[in-house]
Amino acid sequence: MRRPSAAPYPGIVLVIRSDLAAEIVAHARRDHPDEACGVIAGPEGSDRPERIIPMANAERSPTFYRFDSAEQLRVWREMDAADEVPVVIYHSHTATEAYPSRTDIGLAAEPDAHYVLVSTREQGTDELRSYRIIDGVVTEEPVEVIESYMFAHTGVDDVPDQG
Amino acid sequence: MAVTVSIPTILRTHTGGEKSVPAEGATVSEVIEDLDAKHGGIKARLVTDGSLHRFVNVYVNDEDVRFAGGLQAPVADGDTVTILPAVAGGA
C-alpha cells in the first residue's frame, strides 16, 4: 500500500525523522532571539528529508531571515550534483506563532518544498508546523514524526533509504 | 558570448521544464533580454523598473552580480549564469 503522498501531489503530509525535527528545534533555540533558517535536502522525487543543512541568517534579525547568497549557491550546487532537492525549508519565528507571515508567503519560491516553521516564543514549548506555499496560497499539512524511513512509504521505492 | 543559464524550479514553466538553457550576451542584462526573447515572460520575473528584483539572486559563475555591477555585470564566453530565488521571509 502506498499513501497518496507518493504521487501525484506529494503535499498532504510531511513525514520527517525525529532526529531531523529535533535538529530544527535545536537550531532555532540556539539562534533565538534571531530567526534561524536552513534546508533539509532529499533525493529528487522522494519527498523524503534526509540531509539537514543549517544556514546562516544573513539578516541576523529577530524579525527577518535570508539565506546568505554565496552559501545558498554552494548548497544548491551540492544538491544538484547529488540529485537532491530542498525537501524542507525551515525557519523560526521568535515572537509569533509558527504560521507563515505575509512576507513568508510573498517570497516563497520553492513550490515543491515543505515550509517548516518553528516558534521559539515560549520557553519549553516547541511549536513545529509545516505548509505548502504555492502562488501565494498557504496550505497547512500534518507533520508525521517517525523514528526511521525504513518502514514508511514516503516516496518512490527505487531510492535507497538512508536511515 | 554564449553562456549557459541555470534556471530555478519556479521559472522552469518558462523553459519547458529545462534546468539549463543556452543564451547570448555580453552583460547579464543582455543575457536576460536574450532569454526573454526565447522564453517569453522570464524577464518580468527577474527585473523590476530596470534593476534586478531584490529577492532574486543572479550569479556569474561563483559571483553574486549584486556585488559585480548588477545587470551590467559582464559575462564571458562559456560562463555559467545561475538564477536562484532568494530564500527569505520575516515574522
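Below, chain A is the first sequence line, B the second, and so on; all start at residue 1.
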Looking only at heavy atoms, the pair that brings A:Leu73 and B:Leu84 closest together is CA-CD1, 4.0 Å
Heavy-atom pair of closest approach, residues B:Gly89 and A:Phe64: O-CD1, 3.1 Å
ILVMFWY cluster, A:Leu128 and A:Tyr115 together (side-chain gap under 4.5 Å): no
Grouping I, L, V, M, F, W and Y whenever their side-chain heavy atoms are under 4.5 Å apart, do A:Tyr90 and A:Ile146 come out in a common cluster? yes
Side-chain heavy atoms under 4.5 angstrom apart, residues restricted to Ile, Leu, Val, Met, Phe, Trp, Tyr: same cluster for A:Met79 and A:Val85? no
How far apart are the C-alpha atoms of B:Val87 and A:Gln72, what are their side-chain angles, what is the distance that settles it, and do they pass the side chain to side chain contact (heavy atoms under 4.5 Å, CB included) test? CA-CA 8 Å; B:Val87 180; A:Gln72 188 187 348; 3.6 Å; yes
In this structure, are over 12 heavy atoms from other groups packed under 6.0 Å from B:Arg12 atom CZ? yes
For B:Ala86 against A:Arg66, the heavy-atom pair lying closest together: CB-NH2, 3.6 Å
Nearest non-hydrogen partners of B:Asn61 and A:Arg77, listed with the distance: O-NH2, 2.9 Å
Is it the backbone or the side chain of A:Asn57 that comes under 4.5 Å from a heavy atom of chain B, or both, or neither? neither
Does B:Asp77, at its CG atom, have more than 12 non-hydrogen atoms belonging to other residues, nucleotides or ligands within less than 6.0 Å? yes
Measure the spacing between CG of B:Asn57 and OG of A:Ser69 and express it to the nearest 0.5 Å. 5.0 Å
Using non-hydrogen atoms only, which part of A:Glu35 is less than 4.5 Å away from chain B: side chain, backbone, both, or neither? side chain
Please go through B:Met1's hydrophobic cluster and name the other residues, only I, L, V, M, F, W, Y counting, with side-chain heavy atoms under 4.5 Å joining them. none
Measure B:Tyr59 against the heavy atoms of chain A and call it side chain, backbone, both or neither at under 4.5 Å. side chain
Hey, what do you get for OG1 (B:Thr82) to CG (A:Asp80), rounding to the nearest 0.5 Å? 9.0 Å
Hey, quick one: are A:Val138 and B:Ile10 part of the same hydrophobic cluster, counting side-chain heavy atoms closer than 4.5 Å, chains of contacts allowed? no
